[in-house]
Every structure is written in structure tokens, then in C-alpha cells.
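Quick notes on the structure that follows.
As the structure lists them, so they are numbered: ligands from 1, and atoms in each ligand from 1.
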Amino acid sequence: MAQDTLTITDNRTNLTYSFPIEKETVRAMDFRQIKTGPEDFGLMTYDPAFMNTASCRSSITFIDGERGILRYRGYPIEVLAEHCSFLEVAYLIVFGDLPNEVELKNWTNEITHHTMLHETTKKFMEGFRYDAHPMAMLVSTVAALSTVYPEARDIHDTNNRLRQIKRLIGKMPSIAAMSYRHSLGFPYVYPDNDLNYAENFMNMLWKMVEPKYVANPVLARALDILFILHADHEQNCSANVARSVGSAHADPYLTTAAAAAALSGPLHGGANEEVLKMLDEIGSKDNVPAYVKKVKDGHGKLMGFGHRVYKNYDPRAKIIKWTAEQVFQVTGRNPKLDVALELERIALEDDYFIKRKLYPNVDFYSGIIYQAMSFKPEMFTVLFAIPRTVGWLAQWQEMLTDSEQKIARPRQIYTGHDVREFLPMEKRASAPAAAD
Ligand code: CMC
């Protein structure tokens with residue numbers, strides 16, 4: 001009769017071991033029983049870049065990369081993007097269920113009342129150089145919030161944790177907008193509590209001398225949808241950083257700053273900025289075949305293509321394409337869209353990309369929308385960080401309340417020298433150069 005176990009024979013000893021299989025997974029710690037003798041440490045598993053290692057149990061986000069499925073707390077991303085506001089989805093991700101009317105009203109009210117930044121934080125931001133990258137400003141300022149809210153260190157108190165989660169969700173757009181205005185040399189704009197989350201962000205970005213900022217509803221909704229699409233993505237690089245830093249019991253501001261730092265990398269959230277640079281470099285549709293050939297010849301990558309988990313079309317990219325059409329009706333068509341569409345068409349017909357299952361990811365089209373909305377490319381990853389804060393904090397909270405989790409501490413396979421004889425300085429000149 002079939003059993004949910006894995007049987008392994010160690011050919012060094014001829015001993016056989018049986019390990020349980022649960023949810024298609026075996027526990028790496030079971031392998032430590034496999035030893036050649038009592039002094040042996042036991043077998044480890046080697047998995048650089050976590051290619052095949054589950055680091056946690058999570059009930060937040062489900063991805064089926066082969067079928068192109070993404071769900072938050074069981075709800076398909078397409079349904080949430082069509083019917084919900086970003087704060088409604090944020091509530092779902094943080095608490096596990098969609099809010100009822102009263103819960104959403106209270107939640108929205110609380111987030112809205114956490115949008116102000118302390119004046120010292122404003123002064124802190126004024127200290128950045130005029131040409132500082134907005135993402136570097138965001139990472140540093142989020143870390144600096146730790147100095148404003150020292151009580152956040154009490155990470156074991158559920159209510160305290162929740163207060164910091166609300167603060168961070170409320171303050172991210174304010175920090176993002178301040179970093180944008182700083183890079184333009186414009187004065188900061190304070191939040192307007194009459195506006196919804198996306199509208200208020202637009203207010204803080206673009207209000208000039210008018211007494212009241214009125215957001216274009218199509219653009220505000222597009223931004224809200226983009227926020228929904230970026231809110232969480234299970235154990236991606238930055239979520240893994242949030243869990244890892246949080247596992248040492250760092251406070252949520254420092255944890256979020258660390259996660260945002262990971263997001264800034266061009267292989268992760270920084271890819272949206274790189275896509276725009278790539279489209280600029282390609283210039284026109286006619287140059288696409290030559291660019292694709294260059295990539296296939298090993299010179300660079302198609303930015304915004306490929307994903308560790310999706311081996312089918314990224315469902316978020318589909319929704320973004322649709323959203324782009326809505327935005328372009330207001331802003332006019334971004335000519336880069338034609339280059340992007342041609343790039344996608346040619347790549348998806350090409351054996352190199354088909355064989356490697358490389359499809360456009362979320363970053364491929366988002367930058368084109370952001371640019372049409374008049375954001376500078378340096379802001380694109382900042383726009384990703386605002387909603388992803390919800391995911392990081394939900395992952396952080398889930399990790400802290402999981403009794404199986406401990407401080408994250410991988411093992412290594414040591415490849416350095418065995419014990420060496422110490423040479424005093426006067427004898428080292430004639431010694432051969434060190435290996436590393
Ligand atoms: N263009 C050309 N070739 C690619 C690309 C690409 N964008 N992505 C992967 N490949 C090739 C890669 O060279 C390798 O080929 P080979 O088997 O011949 O060595 C093969 O496809 C497998 O790639 P990999 O690097 O082993 O895959 P990975 O899972 O380690 O990397 C990735 C995933 C997203 C880092 C990678 O696809 C990539 O660098 N893409 C471009 C950057 C990008 O768009 N990042 C955003 C990811 S989605 C949003 C997010 O996470 O923030």
C-alpha cells in the first residue's frame with residue numbers, strides 16, 4: 001500500500017531511513033539522522049538561493065507558477081483587482097479575511113490618521129543630497145522611523161505590533177512622496193485626510209498652489225489597482241529578508257527598511273526602472289530583433305522577463321496591460337508601449353524564451369504606466385515598496401506567531417583552509433600569497 005514516506009538507503013553504511021512526506025515536502029532536519037558514525041554531524045541539504053526549500057508555512061499568498069495563478073488569502077488576484085480597494089486588500093492580507101463595512105471604515109480611518117510624519121523625520125529627509133535616489137531615501141527614512149517609535153521594539157505585544165503595522169502602511173506614501181518632492185526641489189505637501197489612499201498619495205506628490213488637490217479618478221484607480229497587484233508575493237527575496245531580519249527580533253521599521261533594501265535590487269523590484277532604460281536603449285520597434293539576438297548571445301537580460309516561480313504568464317502582467325489602456329485614455333499612449341509589445345511578441349515566439357519559460361513579469365508593463373503618469377523611472381521601485389509593505393508586515397507577523405520559527409540561520413559547506421600554522425609578520429613576506 002502506498003505510504004506518505006520517503007525511504008533512503010545510505011550507500012556508505014547500507015542503512016535505510018524512512019521519513020514522513022507532508023504536503024509534498026520532507027523535513028531537512030530528518031536528514032541529520034543519516035550518519036556514518038556517532039561523531040558524524042549528519043547529512044545536510046545544499047540549496048543555494050532556496051531553489052527547492054520551503055522556509056516556512058504560510059497562509060497568506062498562493063502562487064501556482066505553472067498555471068499562472070496568484071491568490072491572496074484564497075481570493076484570485078483578478079477578482080480583488082476588479083472589486084476591491086487597496087486598503088480593503090491590505091486588511092485581507094494582514095487579518096486573513098475581507099473586512100465588513102464597519103471594519104473597512106475603521107481600518108481606513110486608522111490608516112488615514114497615521115499618514116503624518118514627525119517634523120524631525122521631515123528634517124531628516126531635508127538632509128539628503130538634492131540628487132539622492134528616492135529608493136535610498138525611502139529605505140533610510142523607514143529605518144529612521146525606528147528612532148521616532150522606540151516602543152515598536154516590543155514585538156511580542158499583539159496590539160503594539162498592529163499599531164506599528166498601521167503606522168507603516170499609513171506613512172509609506174508620505175515618505176515616498178517626500179522623497180519625490182525632495183528630488184525635484186519642491187516643498188513637502190502634508191496629507192489630506194479627505195482623500196482615499198491613492199488620491200492622497202497623488203496629492204502629496206503633485207499638489208502645487210491649488211487650495212485643494214483633485215485627483216483624476218481613472219489615474220487614482222489605476223494606482224490603487226497597481227498597489228493591489230504588488231501587495232504580496234509569498235516568499236520573494238524581500239519577504240524572505242523581512243522574515244530573516246524579523247526572526248532576530250529587530251523592530252518592524254528596521255525590518256521593513258531591510259526588506260525595502262532587498263526590493264531595490266534590479267533583479268527584484270528595481271527591474272521596473274531597468275525595463276524603462278532597456279526600452280529607451282532599444283528606441284524603436286525595428287531595433288527589437290537585434291536586441292533580442294544580443295540577449296540570446298549572452299549580452300544582458302530582457303529586463304521584466306522571467307521569474308523564479310512563474311513558468312507561465314505572470315497574472316499581474318495581464319491586469320497591468322489592461323490598466324495601461326485605461327491610463328493611456330487619460331494621459332495619451334506612451335510610445336514605449338509599442339516597443340514593449342513588439343518585444344513581448346518576438347520573445348514569446350522565440351525558442352530561447354519558450355524553452356526557458358520566460359514570460360513578461362509584473363515589472364514589464366508597470367513602468368510604462370508610471371511613466372505615462374509622469375513619474376521619473378527612479379520612483380518606480382518606490383511605488384512598488386508602498387504596497388509591498390503590507391506583504392512584508394503580514395509575513396513578519398506570521399513568522400513571529402509561528403511556534404516552529406526561530407532565528408533564521410542557514411548552514412554552510414565550508415570550503416576554506418583546514419587549520420593553518422600562524423606566521424609572525426617578519427616571516428610572512430616570503431610566504432606564498434593567501435588563497436583568499
Ligand atoms: N532574459 C534572458 N534570459 C533570461 C532571463 C531574462 N530576463 N531570465 C532568465 N534567463 C535565462 C537565464 O540566463 C538562464 O538561462 P540558462 O539556463 O541558459 O543559463 C535561464 O533563463 C534560467 O534563469 P535563472 O537566472 O536561473 O532564473 P532565476 O529563477 O534564478 O531568476 C529572475 C529569476 C527574475 C531573477 C530572472 O529571470 C531575471 O533576472 N529576470 C530579469 C530581471 C527581472 O525582471 N526581475 C523582476 C522579477 S519579478 C518581480 C520581482 O521579483 O520583484
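When hydrogens are left out, the protein atom nearest atom 17 (O) of ligand 1 is Arg356 NE, 3.8 Å; that is the closest non-hydrogen contact. Distance from atom 42 (C) of ligand 1 to its nearest protein heavy atom, with residue and atom name: Met303 CE, 3.5 Å. When hydrogens are left out, the protein atom nearest atom 2 (C) of ligand 1 is Val295 CG1, 3.6 Å; that is the closest non-hydrogen contact. In terms of protein heavy-atom proximity, atom 27 (O) of ligand 1 is closest to Arg308 NE, 4.8 Å. Nearest non-hydrogen protein atom to atom 34 (C) of ligand 1 is Gly306 O, 3.6 Å. Here the protein heavy atom with the shortest distance to atom 43 (C) of ligand 1 is Ala271 CB, 3.5 Å.
For atom 8 (N) of ligand 1, the nearest protein heavy atom is under 4.0 Å away. Protein heavy atoms are absent from the 4.0 Å sphere centred on atom 31 (O) of ligand 1. Per-atom contact check: atom 22 (C) of ligand 1 does not touch the protein, criterion being a heavy-atom distance below 4.0 Å. Checking atom 48 (S) of ligand 1 against the protein gives a heavy-atom contact under 4.0 Å.
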Please determine whether salt bridge (charged side-chain N to carboxylate O under 4.0 Å, His left out) holds for the pair Arg345 and Glu342, giving the CA-CA distance in whole Å, both sets of side-chain angles, and the decisive distance to 0.1 Å.
CA-CA 5 Å; Arg345 189 186 68 76; Glu342 182 67 357; 3.0 Å; yes
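The distance criterion of under 3.5 Å between nitrogen or oxygen atoms is met by Leu267 with respect to ligand 1. Taking only nitrogen or oxygen atoms, main chain and side chain alike, Leu302 reaches within less than 3.5 Å of ligand 1. Inclusion of Lys311 in the set of residues having an N or O under 3.5 Å from an N or O of ligand 1 is not warranted. In terms of polar-atom proximity, defined here as any N/O pair under 3.5 Å, Phe305 does make such a contact with ligand 1.
In summary, the aromatic rings of Tyr359 and Tyr310 are positioned with their centroids too far apart to meet the 6.0 Å limit.
When the options Asp363, Leu358, Asn361 are ranked by their closest heavy atom to atom 10 (N) of ligand 1, first place goes to Leu358. Scanning Lys296, His307, Lys301, His268 for the heavy atom closest to atom 25 (O) of ligand 1 points to Lys301.
Look at Asn236 and you'll find every heavy atom at least 4.0 Å from all atoms of ligand 1. Heavy atoms of Phe384 approach ligand 1 to within less than 4.0 angstrom.
The atoms of ligand 1 that sit less than 4.0 Å from any heavy atom of Gly269 are 52 (O). For ligand 1, the atoms sitting less than 4.0 Å from at least one non-hydrogen atom of Gly304 are 43 (C), 44 (O), numbered in the order shown with element in parentheses.
For the pair Arg356 and Tyr352, the cation-pi test (distance below 6.0 Å, angle within 45°) is passed.
Ile165 contributes atom CD1, which lies 7.5 Å from atom CZ of Phe95 (distance to the nearest 0.5 angstrom). The CD1 atom of Ile369 sits 9.5 Å away from atom CD of Glu325, with the distance rounded to the nearest 0.5 Å. Considering CH2 of Trp392 and CD of Gln395, their distance stands at 11.5 Å, rounded to 0.5 Å. Atom OG of Ser140 and atom CG of Leu145 lie 11.0 Å apart (nearest 0.5 Å). With rounding to the nearest 0.5 angstrom, the CG atom of Leu104 is 4.0 Å from the OG1 atom of Thr108. Here the OG1 atom belonging to Thr323 is positioned 11.5 Å from the CG atom belonging to Leu219, to the nearest 0.5 angstrom.
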For residues 74-90, run the donor-acceptor check on the side chains, cut-off 3.5 Å, and write out each pair with its distance to 0.1 Å, sequence neighbours left out.
unit_1 : atom_1 : unit_2 : atom_2 : d
Ser85  : OG     : Glu88  : N      : 3.2
Glu88  : OE1    : Ser85  : N      : 3.0

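The main-chain N or O of Glu234 is found under 3.5 Å from a side-chain atom of Asn236 such that the two form a donor-acceptor pair. Here the side chain of Thr25 pairs a donor or acceptor atom with the backbone of Lys23 at under 3.5 angstrom. Between the side chain of Asp47 and the main chain of Met51, a donor-acceptor pair closer than 3.5 Å is present.
Counting heavy atoms under 4.0 Å from ligand 1, residue Tyr352 touches it through the side chain alone.
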